[in-house]
Chemist: 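Dropping a structure here in structure tokens format, bear with me for questions.
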Amino acid sequence: MIRYFKDILEGAWSLVVGLGITLRYLFKKPVTVIYPKERIPMKRFKGPIAFVVDEKNGDHKCIACNACIKTCPSRCMSLVAQKSAVDGKRVLTDFHVNYMLCSLCSLCIDVCPTDALKHDDPNYDMVSATQAGMNMDLLKPFIDRKTPLTQIPTVS
Ligand code: SF4
Ligand code: SF4
């Protein structure tokens, strides 16, 4: 019988404590926001990997050395390079980063000998309806703009 009343008292007390917490937060400014209508700046989010734009010619700075590919712990980078028909040098023809696998560790940026990579766009809600949509083509903006390095004829 004592146990019975003790359980009732404990239940009532936990109810009072719960209501007290609810009342305390009822009049405080909420810490949550109505996303996506409201957004919080994410100061510590680095943003996905992108190519640096060379101020001199608007081109990328990648020399297709593969250092970033070998360093990436997530194995989420891939590139294709072909031989230039002009001087035989390697020409970058494709560069993708799978954002679903990237951990934003920055190692690729650190090892790049030409400082060709950076974190870009602190937009934290990058979304896609497909997996392919998260496989980012870093070269596409340069190909679209027909920058000098993307126009070098290659030997297939
Ligand atoms: S930030 Fe890290 S995980 Fe992402 S592509 Fe670069 S090396 Fe790979
Ligand atoms: S390390 Fe830099 S230069 Fe080398 S392939 Fe990667 S992005 Fe290009």
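Both ligands and their constituent atoms are indexed starting at 1 by order of listing. This structure is a prediction, so every number in the text was calculated from the model and none was measured.
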Chemist: Cys65 heavy atoms, cut-off 4.0 Å: which ligand 2 atoms fall inside?
Modeler: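 Those of ligand 2 that fall under 4.0 Å from Cys65 are 1 (S), 3 (S), 4 (Fe), 5 (S).
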Chemist: With hydrophobic residues grouped by side-chain heavy-atom distances under 4.5 Å, do Leu139 and Val52 end up in a single group?
Modeler: no
Chemist: Does atom CD of Glu55 have more than 12 heavy-atom neighbours, drawn from other residues, nucleotides or ligands, at distances under 6.0 Å?
Modeler: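 Counting neighbours around CD of Glu55, 12 or fewer heavy atoms of other residues, nucleotides or ligands fall under 6.0 Å, so no.
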Chemist: I'd like to check which ligand 1 atoms, numbered from 1 as shown, lie under 4.0 Å from a non-hydrogen atom of Ser103.
Modeler: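 Those of ligand 1 that fall under 4.0 Å from Ser103 are 3 (S), 4 (Fe).
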Chemist: Any atoms of ligand 2 less than 4.0 Å from a non-hydrogen atom of Cys112? List them with their elements.
Modeler: 1 (S), 2 (Fe), 3 (S), 7 (S)
Chemist: Is it true that Thr114 lies under 4.0 Å from ligand 2, counting heavy atoms only?
Modeler: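 Yes, that is the case, since the closest heavy atom of the residue is under 4.0 Å from the ligand.
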Chemist: Would you mind checking which non-hydrogen protein atom is closest to atom 6 (Fe) of ligand 1, with the distance to 0.1 Å?
Modeler: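 The closest one turns out to be Cys108 SG, 2.3 Å.
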Chemist: Check whether any side-chain heavy atom of Arg39 lies under 4.5 Å from a side-chain heavy atom of Tyr124, and answer yes or no.
Modeler: yes
Chemist: Counting only heavy atoms not in Tyr4 (residues, nucleotides, ligands), do more than 12 fall under 6.0 Å from its OH?
Modeler: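 Open: at most 12 neighbouring heavy atoms sit under 6.0 Å from OH of Tyr4.
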Chemist: With no hydrogens and no angle check, just 3.5 Å: does a side-chain donor-acceptor pair link His96 and Asn98?
Modeler: no
Chemist: More than 12 non-hydrogen atoms from neighbouring residues, nucleotides or ligands closer than 6.0 Å to CG on Leu19, yes or no?
Modeler: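 Atom CG in Leu19 is packed in, count exceeds 12.
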Chemist: Look at atom CD of Glu38 and say whether more than 12 heavy atoms of other residues, nucleotides or ligands are closer to it than 6.0 Å.
Modeler: yes
Chemist: Just which atoms of ligand 2 are under 4.0 Å from any heavy atom in Cys62?
Modeler: 3 (S), 5 (S), 7 (S), 8 (Fe)
Chemist: Of all the atoms in ligand 2, which lie at a distance below 4.0 Å from a heavy atom belonging to Pro113?
Modeler: 1 (S)
Chemist: Students should be able to answer this: which protein heavy-atom is nearest to atom 2 (Fe) of ligand 1, and at what distance?
Modeler: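 For this ligand atom, the closest protein heavy atom is Cys105 SG, 2.3 Å.
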Chemist: Is the shortest side-chain heavy-atom distance between Cys65 and Pro113 below 4.5 Å?
Modeler: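 Cys65 vs Pro113: side chains touch.
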Chemist: My understanding is that we take every heavy atom of each candidate and find the minimum distance to atom 3 (S) of ligand 2. Doing that for Leu117, Ile63, Asn66, Ile109, which one comes out nearest?
Modeler: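 It is Ile63 that holds the nearest heavy atom.
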Chemist: Closest non-hydrogen protein atom to atom 8 (Fe) of ligand 1, residue and atom name please, with distance?
Modeler: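 Looking only at protein heavy atoms, the one closest to atom 8 (Fe) of ligand 1 is Cys72 SG, 2.3 Å.
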Chemist: What atoms in ligand 1 come closer than 4.0 Å to a heavy atom of Pro73?
Modeler: 7 (S)
Chemist: Enumerate the atoms of ligand 1 whose separation from the nearest heavy atom of Leu104 is less than 4.0 angstrom.
Modeler: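 In order of numbering, the contacting atoms are 1 (S), 4 (Fe).
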Chemist: Would you say that Leu117 contacts Phe51 through its side chain, given a criterion of any heavy-atom pair below 4.5 Å between the two side chains?
Modeler: yes
Chemist: Using a strict 4.0 Å cut-off to heavy atoms of Cys68, name the atoms of ligand 2 that fall inside it.
Modeler: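 Those of ligand 2 that fall under 4.0 Å from Cys68 are 1 (S), 5 (S), 6 (Fe), 7 (S).
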Chemist: For atom 4 (Fe) of ligand 1, grab the closest protein heavy atom and report residue, atom and distance to one decimal in Å.
Modeler: Cys102 SG, 2.3 Å
Chemist: Pull out every atom of ligand 2 sitting under 4.0 Å from any heavy atom of Ala64, numbered as shown with elements.
Modeler: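 That gives atoms 5 (S), 8 (Fe) of ligand 2.
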Chemist: Only heavy atoms of Ser74, strictly under 4.0 Å: list the atoms of ligand 1 that pass.
Modeler: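 In order of numbering, the contacting atoms are 3 (S).
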Chemist: Going by the order shown, which atoms of ligand 2 are within less than 4.0 Å of some heavy atom of Leu79?
Modeler: 5 (S)
Chemist: Answer yes or no: is there a donor N or O on one side and an acceptor on the other, between the side chain of Asp137 and the main chain of Lys140, under 3.5 Å?
Modeler: yes
Chemist: Would you confirm whether Gln151, through its side chain, and Lys146, through its main-chain N or O, come within 3.5 Å as a donor-acceptor pair?
Modeler: yes
